[in-house]
Asks: 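Have a look at the structure that comes next, please.
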Number of protein chains: 2
Amino acid sequence: MRKNITLKDIARELEVSVSTVSKALKNSNEISRDTREKIQAFARLYNYKPNNIAISLKNKRTKNIGVVIPDIVHHFFTTVFRGIEKYANGKGYNVIVCVSDESFDKEVINMEMLANGSIDGFIMALSAETQLRGDYAHLRQVAEQGIPLVLFDRVTEEVPCDKVVINDEEAAMQAVEHLIRSGKRRIALITNESYLHVSAMREKGYRRALKDHGIPFDDTLVLRLPYQFEEEELSRQFFETRKFDAVLSVNEIFAIRGMRLARGQGYRIPEDISFIGFTDGMLSRYSIPTLTSVAQHGEEMGACAARLLIGKVEHEYDETDPGSYRTEVIRASLIERESTLPGLPGS
Amino acid sequence: MRKNITLKDIARELEVSVSTVSKALKNSNEISRDTREKIQAFARLYNYKPNNIAISLKNKRTKNIGVVIPDIVHHFFTTVFRGIEKYANGKGYNVIVCVSDESFDKEVINMEMLANGSIDGFIMALSAETQLRGDYAHLRQVAEQGIPLVLFDRVTEEVPCDKVVINDEEAAMQAVEHLIRSGKRRIALITNESYLHVSAMREKGYRRALKDHGIPFDDTLVLRLPYQFEEEELSRQFFETRKFDAVLSVNEIFAIRGMRLARGQGYRIPEDISFIGFTDGMLSRYSIPTLTSVAQHGEEMGACAARLLIGKVEHEYDETDPGSYRTEVIRASLIERESTLPGLPGS
DNA sequence: TTGTAGGCGTTATCAG
DNA sequence: CTGATAACGCCTACAA
């Protein structure tokens, strides 16, 4: 095992001082052409590479960014991560990922682990449990330490920092309007238990669209499913006992399961029931019928978050000035597929 | 911004030496109970946390592991990653992810970036381009530097290191045998262009199963699709012009697309054509019909890879001894769903 | 019981 | 042009 060679090694071999080597390797013209070349040749020969850790210690910059997400086996987060990774890599940063598994404790532990010098800043989406508890002390503490923080998608008003969100409410409205335009009036909503901020926003948009079109909100047309595990019975009852001609779902899995149930009961899609889901993932593209879907442009979101974060990391800023925090909104867009009827002409 | 407090700060405030503080904080009984308590109280009060970077520099251990994978928006890799992350986290390690995007150059650049002290070891799956070129110099170099390396799934014989693979050949055989047992004889294979080691192994298993059951291999029943982008026309022709009663696909996407085409042409699944795919992801679970699938147990693979790596990292080992390298085989299993007929009794 | 000194690898400042 | 020194934050052998 040939351990990595250091400046000191080179200095010893070439009988010069460490500082001469250091300067020579950065081509400083403090050093004579001769020695410079000699040193550079030697370094190349022995494949010298500066030690990142030492440089980090010196600069107090690690060129690492920490990403804390609730789940990695999840199309949307994965997509955002790709956006982050690409942008960060382009800027010479590496990305450390920690998965909170929707657990408050893990989120806290992971952040503490990273906050002690391992990273220059955080990008994160809150775990479900954190949102449920509404406890954001760990985020505030990180902010107090002067570590830049960017929240995306699963955000909260209670922490002053940069944020990247999609226009959930508006996107839900537009989806519902799309259904209304194609002649649907009894529109169901499938959502999860409501402590997730994004779900709440989507429900808000759903209600507003109904209201705007003079359709009364009907609570019996809202199916609230538990977040994590499958509860097939609830859904079955819902589909058997309620009459509706369209469904908006806050994610694609609920939509796909809904379509399967509807077909099982003999409904045609989209003629009898149309479906629109959030999260434009694999399932939407490959289901039968293919699912009309609200694309969240995760990769763009990730890139945006990374851009904000690295901006803060590299340019000194005043973290006490609330005006310096931005919230970027990524506009979702509706991808029309087989599960909805085409809208009326001109719409 | 209250920067993190250091040993030196504590020492200055309490008018003791840095080493006293250091020892006191690790409860060394070299230090009097009195000073110990005073120092610990002070440290707690100011929320002292040792600086990871400094510790890394001192110990030459970063407690980071580098994961290099071809793609993150990919169910299998994501699953493996989860296994790695969980195991590593449990052992106090963080995970730095780099995505090679199937590109040789990015793979090399990423590894060089990390190999200069940022990580204690690598876990990786080779990019398609790397396998195509067969150039593994960068891996060898890492190994020479004494950095432990574990390859998973996309491996090569040409680099001596620990490996984690699934029994691709055998799994493909078993899948084909499953089809044969349910009465199918003309079994098609959908695979990708063949420079991927895993695909080659699966094809081998496919052929062997046929042979073992006296079914002649028919090259016209093999559809080879390009790796990255969709080539719908090739598939359509294949489904229109060839007659077969079952399909084995090396991934779930090809299988799902195949099922859609087959249904479009009026075939019933599984009565007319059964399907089995590799990669037991979302699509397999939620497609219509649901897809019988070879589960690769990615999470288990990831955990295994992390275990091997951390083992090497923490226990000195002799990297010149080829006998010290292990290849762990994770056994795939067949998840039966609607896209295949149940096997005959007793099988 | 406490403190000093040296080192991990690098860089910046200043002296020669 | 070159080198000595200090510093980043921490640890530890050794001295007092």
Side-chain angles (χ1 to χ4, degrees), chain A residues 2-40 42-43 46-64 114-120 145-147, chain B residues 2-40 42-43 46-64 114-120 145-147:
Chain A
R2 200 188 51 202
K3 271 276 151 245
N4 269 342
I5 192 177
T6 72
L7 288 184
K8 203 198 248 185
D9 297 330
I10 301 182
R12 185 168 6 82
E13 291 305 316
L14 262 38
E15 302 186 296
V16 290
S17 79
V18 176
S19 45
T20 306
V21 178
S22 175
K23 287 171 188 160
L25 288 179
K26 5 185 62 90
N27 236 323
S28 156
N29 44 5
E30 267 185 70
I31 307 295
S32 73
R33 173 169 298 284
D34 254 22
T35 25
R36 241 188 297 167
E37 280 172 359
K38 192 176 56 176
I39 290 174
Q40 288 173 5
F42 188 93
Y46 285 94
N47 193 32
Y48 169 79
K49 294 277 167 47
N51 179 316
N52 289 331
I53 298 291
I55 292 177
S56 294
L57 181 58
K58 186 113 247 284
N59 301 343
K60 296 162 160 250
R61 281 280 152 80
T62 60
K63 287 249 168 188
N64 286 154
L114 295 179
N116 305 129
S118 299
I119 50 100
D120 295 339
Q145 278 180 58
I147 302 179
Chain B
R2 197 189 52 201
K3 270 278 151 243
N4 269 343
I5 191 177
T6 71
L7 288 185
K8 203 198 250 182
D9 297 330
I10 302 183
R12 186 170 3 86
E13 292 304 316
L14 262 37
E15 302 186 296
V16 290
S17 80
V18 177
S19 53
T20 306
V21 179
S22 174
K23 287 170 189 160
L25 289 179
K26 10 181 61 90
N27 235 325
S28 157
N29 45 3
E30 268 185 63
I31 308 295
S32 72
R33 172 170 297 284
D34 253 22
T35 26
R36 242 188 297 166
E37 280 172 359
K38 191 176 57 178
I39 291 174
Q40 288 173 4
F42 188 92
Y46 285 95
N47 192 30
Y48 169 79
K49 293 280 165 48
N51 179 314
N52 289 332
I53 298 291
I55 292 178
S56 294
L57 182 59
K58 180 117 251 282
N59 300 346
K60 296 164 161 246
R61 281 278 154 82
T62 60
K63 288 249 169 188
N64 287 155
L114 295 180
N116 305 131
S118 299
I119 50 100
D120 294 340
Q145 280 179 58
I147 302 179

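Chain letters run A, B, ... following the sequence lines, proteins first and then strands; every chain starts at 1.
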Asks: 5'-most contact on DNA chain C: B/N29 or A/P50, nearest heavy atom basis?
Replies: B/N29
Asks: With a 4.0 angstrom cut-off to heavy atoms of chain A, pull out the first and last contacting nucleotide of DNA chain C, in 5'-to-3' order.
Replies: C/dC8 to C/dC14
Asks: Just by distance, do the side chain of A/D120 and the backbone of A/T62 share a donor-acceptor pair under 3.5 Å?
Replies: yes
Asks: If you take all heavy atoms of A/F42 and A/I5, which pair is closest and at what distance?
Replies: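 Residues A/F42 and A/I5, closest heavy atoms: CE2-CD1, 4.1 Å.
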Asks: For B/I10 and D/dG9, what is the distance between atoms CD1 and C1' respectively, to the nearest whole Å?
Replies: 12 Å
Asks: Can you check whether B/L14 reaches B/V21 side chain to side chain, under 4.5 Å on heavy atoms?
Replies: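 Contact flag for B/L14/B/V21 side chains = no.
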Asks: Given atom OH of B/Y46 and atom P of D/dG9, what is their separation to the nearest angstrom?
Replies: 18 Å
Asks: Please check if the side chain of A/S56 supplies one atom and the backbone of A/N52 the other of a donor-acceptor pair under 3.5 Å.
Replies: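 Pair found, side chain donor or acceptor close to backbone of A/N52.
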Asks: In whole angstroms, how far is the C1' atom of D/dG9 from the CG atom of B/N51?
Replies: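 The answer, rounded to whole Å, is 6 Å.
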Asks: Does B/T6 have a side-chain nitrogen or oxygen under 4.0 Å from the phosphate oxygens OP1 or OP2 of D/dG9?
Replies: no
Asks: Answer yes or no: does a side-chain N or O of B/Y48 lie under 4.0 Å from OP1 or OP2 of D/dG9?
Replies: no
Asks: Given axes from five pairs at either end, by how many degrees does the helix from C/dT1-D/dA16 to C/dG16-D/dC1 bend, rounded to 10°?
Replies: 60°
Asks: Distance check needed: D/dT2 C1' versus A/K26 NZ, whole Å only.
Replies: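 Rounding to the nearest Å, NZ of A/K26 and C1' of D/dT2 are 17 Å apart.
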Asks: Which atom pairs link the protein and nucleotides 13-16 of chain D when you take only N or O atoms and keep those under 3.5 Å?
Replies:
none

Asks: Between A/S17 and D/dT2, does any side-chain N or O lie under 4.0 Å from OP1 or OP2?
Replies: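 False: A/S17 side-chain N/O out of range (4.0 Å or more) of D/dT2 OP1/OP2.
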Asks: Looking at every strand, decide which applies to B/T35 at a 4.0 Å heavy-atom threshold: base, sugar-phosphate, or nothing.
Replies: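 Touches sugar-phosphate only.
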Asks: Could you give the distance from CG (B/N4) to NZ (A/K60), rounded to the nearest 0.5 Å?
Replies: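 That separation rounds to 9.0 Å.
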Asks: What is the nucleic acid contact for A/L57, judged by heavy atoms within less than 4.0 Å: base, sugar-phosphate only, or nothing?
Replies: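 Base, at least one base heavy atom under 4.0 Å.
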Asks: Starting at atom CZ of A/R12, determine the distance to atom C1' of D/dG3, rounded to an integer number of angstrom.
Replies: 17 Å
Asks: What integer distance in Å separates B/I55:CD1 from D/dG9:P?
Replies: 13 Å
Asks: Within a strict 4.5 Å, meaning less than it, do heavy atoms of the B/Y46 and B/I10 side chains meet?
Replies: no
Asks: Would you indicate whether the side-chain heavy atoms of B/Q40 and B/N27 approach each other to under 4.5 Å?
Replies: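 The answer is yes; the side chains approach within 4.5 Å.
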Asks: Have a look at A/V16 and say if it touches a base, only the backbone sugar-phosphate, or nothing, with a 4.0 Å heavy-atom cut-off.
Replies: sugar-phosphate
Asks: Does A/N47 reach the side chain of A/K49, with side-chain heavy atoms less than 4.5 Å apart?
Replies: yes
Asks: Write down the atom of B/A11, the atom of B/S17, and the distance for their closest heavy-atom approach.
Replies: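 Of all heavy-atom pairs spanning B/A11 and B/S17, the closest is CB-C, 3.8 Å.
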Asks: When you match A/K60 and A/T20 each to their closest nucleotide on DNA chain D, which lands nearer the 5' end?
Replies: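 Closer to the 5' end of DNA chain D: A/T20.
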Asks: Answer yes or no: is there a donor N or O on one side and an acceptor on the other, between the side chain of B/D9 and the main chain of B/T6, under 3.5 Å?
Replies: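 Answer holds: yes.
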Asks: Does B/N51 reach the main-chain N or O of B/I53 with its side chain, forming a donor-acceptor pair under 3.5 Å?
Replies: yes
Asks: What is the distance from CD of A/E37 to P of D/dT2, rounded to the nearest Å?
Replies: 12 Å
Asks: Has the side chain of A/R36 got a donor or acceptor atom that lies under 3.5 Å from a matching backbone atom of A/A24?
Replies: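 Checking the backbone N and O of A/A24 against the side chain of A/R36, no donor-acceptor pair under 3.5 Å is found.
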Asks: Using a cut-off of 4.0 Å on non-hydrogen atoms, how would the nucleic acid contact of B/L7 be classed: base, sugar-phosphate, or nothing?
Replies: sugar-phosphate
